[in-house]
Structure formats: structure tokens, C-alpha cells
Amino acid sequence: MRNLILTGACLLSTALVGCQQTPPANDQLDAVLWTQTSIEHELIYRQQFANATRQLDVALADPSWDALPFPPRNLSGLPPAVVVDIDETLLDNVPLNARDIINNQVYSYDRWNTWVDQAKAQALPGAVAFLHAAQQKGVKVYYLTNREHSQVAATVANLRLRGFPVESDEQVLAASTPTGHCESAGYGKNCRRQWVANHARVLLMAGDSLGDFVQAEHNTLAAQRKAVEPYVGWLGQRWFLLPNPSYGNWYSAPYADDEKLPFARKRQLKQQALQLQE
């Protein structure tokens, strides 16, 4: 009865301090709703992949063109390639977030692993056509994903089910992959990018997170701005960034990536990170 009274009071007054909803609000509701129901989400993906497809010929025609954030290197004799992230870039995993919202559950690695094994994720708009256009031009695709190395087989199966060009499992470079001796690099992608740099001239990169392009020193906005500043001119030309309002480094930055904190404390720190115009 007390919960019913409190809930009614919350509905009647927005001035109550500390008033909680029952059940508690899920932070991802509006983000997932936008992702799944807005035409804007679909059109942004189509726009970005269409632009990336047009840039392929521009990049191929310039032998000095390189999309990797490394010092100038000898590109002579290196075959062309593109580097793409998978989750929320090529494959749509948001139905898993939607299920958590409906069931009022927090994120679960067990449910994520089951989802990956089931290979249910659908292709995002424009992604398959872009990579087939690249393949038809003789451009190899490298999939740099932070899925676990043990999930490569299931990931390849999912990609092939949706029509993505994957000739070999070796094209999928997952977290802590032994390829390039990157086991100790964990989820950072620099080591994997360096391995690709040794084997290809990278024309374009696509992803939904800054870490899909360049690695910042810290998970702070200031550090991320510093890392990307030298490459801002590459956006829309060599780098194609896609929207992900559901999760990412930004989500955990307010609570310093400390996943042991209780939900209420995380929410408090995220609220404190909001900027109000006086």
C-alpha cells in the first residue's frame, strides 16, 4: 500500500525530492526507443554507408591515402582494406537491450553471450551493401570487434547469415586475439589496428565509438577530444562514425568505469555530469 501511495504522489507532484518510480525507470528506454522506432536512425546509417561507398573510389585512386591514425608509413605494395566494427555498426543488438527494459533487468553478460551464440542480430541499414561494394572493388574487409576471441565462430556465422562478406575467420579480430600478439591488449584496438597496418593500406574505417578509430589515454571527454583533434578532418572522408545512444564508453565515464558501484550511485553520478544552462 505504501508503494501505491508513493507512486500516486510521484504522479501528482514533480516537486518531491527523492521520489522514486516503482518499478524504477530504465535509463536506456528512450535511447532504445529512438534506435528502434525513428526514421532518423535508419537514415543516418544509410547516409553514412552511402557516403563511405562513394569514398572508396576516391581512396583507391590516391596511393598515399591511409585511414589509420599512425605516423606516415610506406604503403607501397600493400593491398587495400577497410576496417569496421561489428556491434551497432554492422549488427543490431538493441533487441537485447529492449528485452532487458521490458523485463526490468540490468545488463547481463550471460544473456549477452547467449545472444551472440544464437547469431540472431540483424544487419543495420546500408552496411551489407557497403561491404559488398568494397569487396567488388578488390578491397578486403577486416572486422575489429570487442566481442571475445572465443566468440569468433558464432560471430562469423551471424555475419554470413546476414550476407556480409567473410571469406575467413581470420578477418575477424576479436578482443585479446593472439593475432599480432595482441592477447595482452584486451579491449584496446590499437594493437589490432597495427597488425592490419602491417598487411594492408586502410582506405576507410567505420564504427560507433571513438575507440573504433583512435585510442584515448583516458575515458574522459577531454582525453577523447585530444585524441581525435588531429583527425577531425577525416570525419566523413576516411572515418565514418555511427550513432549509439544505448551504450559505450560515455555511459560509464561519469562513474569512472566502476561497475561495482550500486545502481543508485551510478545514476547519481550520471545526473551530476549533466550540464544545466543558467
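Note that the structure is a prediction, hence the values are computed from the model and not measured.
Cation-pi contact between R201 and W65: absent, since separation from the ring centre below 6.0 Å together with deviation from the ring axis within 45° is not met. The side-chain tip of K189 does not point at the ring of F213 from less than 6.0 angstrom away and within 45° of straight on.
A distance-only check finds no donor-acceptor pair linking the side chain of H181 to the backbone of C191 [under 3.5 Å]. Put simply, the side chain of S38 gets close to the backbone of H41: a donor and an acceptor are under 3.5 Å apart. Although no hydrogens or angles enter the test, the distance criterion places a donor-acceptor pair under 3.5 Å between the side chain of R160 and the main chain of V166. Q48 places no side-chain N or O within donor-acceptor distance of the main-chain N or O of Y45, the cut-off being under 3.5 Å.
One hydrophobic cluster, built from ILVMFWY side chains closer than 4.5 Å, holds both L235 and V228. A continuous path of hydrophobic side-chain contacts links V82 to V128 [ILVMFWY only; heavy atoms under 4.5 Å]. Under a hydrophobic-cluster definition in which Ile, Leu, Val, Met, Phe, Trp and Tyr are linked whenever side-chain heavy atoms come within less than 4.5 Å, directly or via other members, F70 and W239 are assigned to the same cluster. Both I86 and V139 are part of a single hydrophobic cluster, where members link through side-chain heavy atoms under 4.5 Å apart. Residues L68 and L210 share a single hydrophobic cluster, defined by chaining ILVMFWY side chains whose heavy atoms lie under 4.5 Å apart.
Side-chain atoms of N113 and Q151 include a donor-acceptor pair closer than 3.5 Å. N158 and R147 share no donor-acceptor pair across their side chains, judged by distance under 3.5 Å alone. Side-chain atoms of S252 and D257 include a donor-acceptor pair closer than 3.5 Å. Neither side chain, D92 nor Q122, offers a donor N or O lying under 3.5 Å from an acceptor on the other. At a cut-off of 3.5 Å, with distance as the only test, no side-chain donor of E259 or Y107 sits close to an acceptor on the other residue. Side-chain contact of Y247 with E88: a donor-acceptor pair under 3.5 Å is present, judged by distance alone. Side-chain contact check for N74 and S76: no donor-acceptor pair (N or O, by modelled atom type) lies under 3.5 Å.
For the pair P63 and L75, the tightest heavy-atom approach, listed with the atom from each and the gap, is O-CD1, 3.6 Å. Residues P95 and W115 come closest through the heavy atom pair CB-CH2, 4.0 Å.
One finds the CG atom of L144 at 5.0 Å from the CG atom of L173 (value rounded to the nearest 0.5 Å). One finds the CG atom of L274 at 11.5 Å from the CG atom of L269 (value rounded to the nearest 0.5 Å).
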- request: Output, in order, the C-alpha distance, side-chain angles, deciding distance and verdict of salt bridge (Lys or Arg N to Asp or Glu O under 4.0 Å) for D258 and K266.
  value: CA-CA 9 Å; D258 186 356; K266 290 180 183 178; over 6 Å; no
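Taking the ring-ring contact (aromatic ring centres under 6.0 Å, His included) definition, one finds that H199 meets it with W195, sequence neighbours left out. With sequence neighbours left out, the side-chain hydrogen bond (donor to acceptor under 3.5 Å, both in side chains) criterion links T220 to no other residue.
E42 has a carboxylate O that lies under 4.0 Å from a charged side-chain N of R46, or vice versa, which qualifies the two as a salt bridge. A salt bridge links D100 and R111; the closest N-O separation between the charged side-chain nitrogens and carboxylate oxygens is under 4.0 Å.
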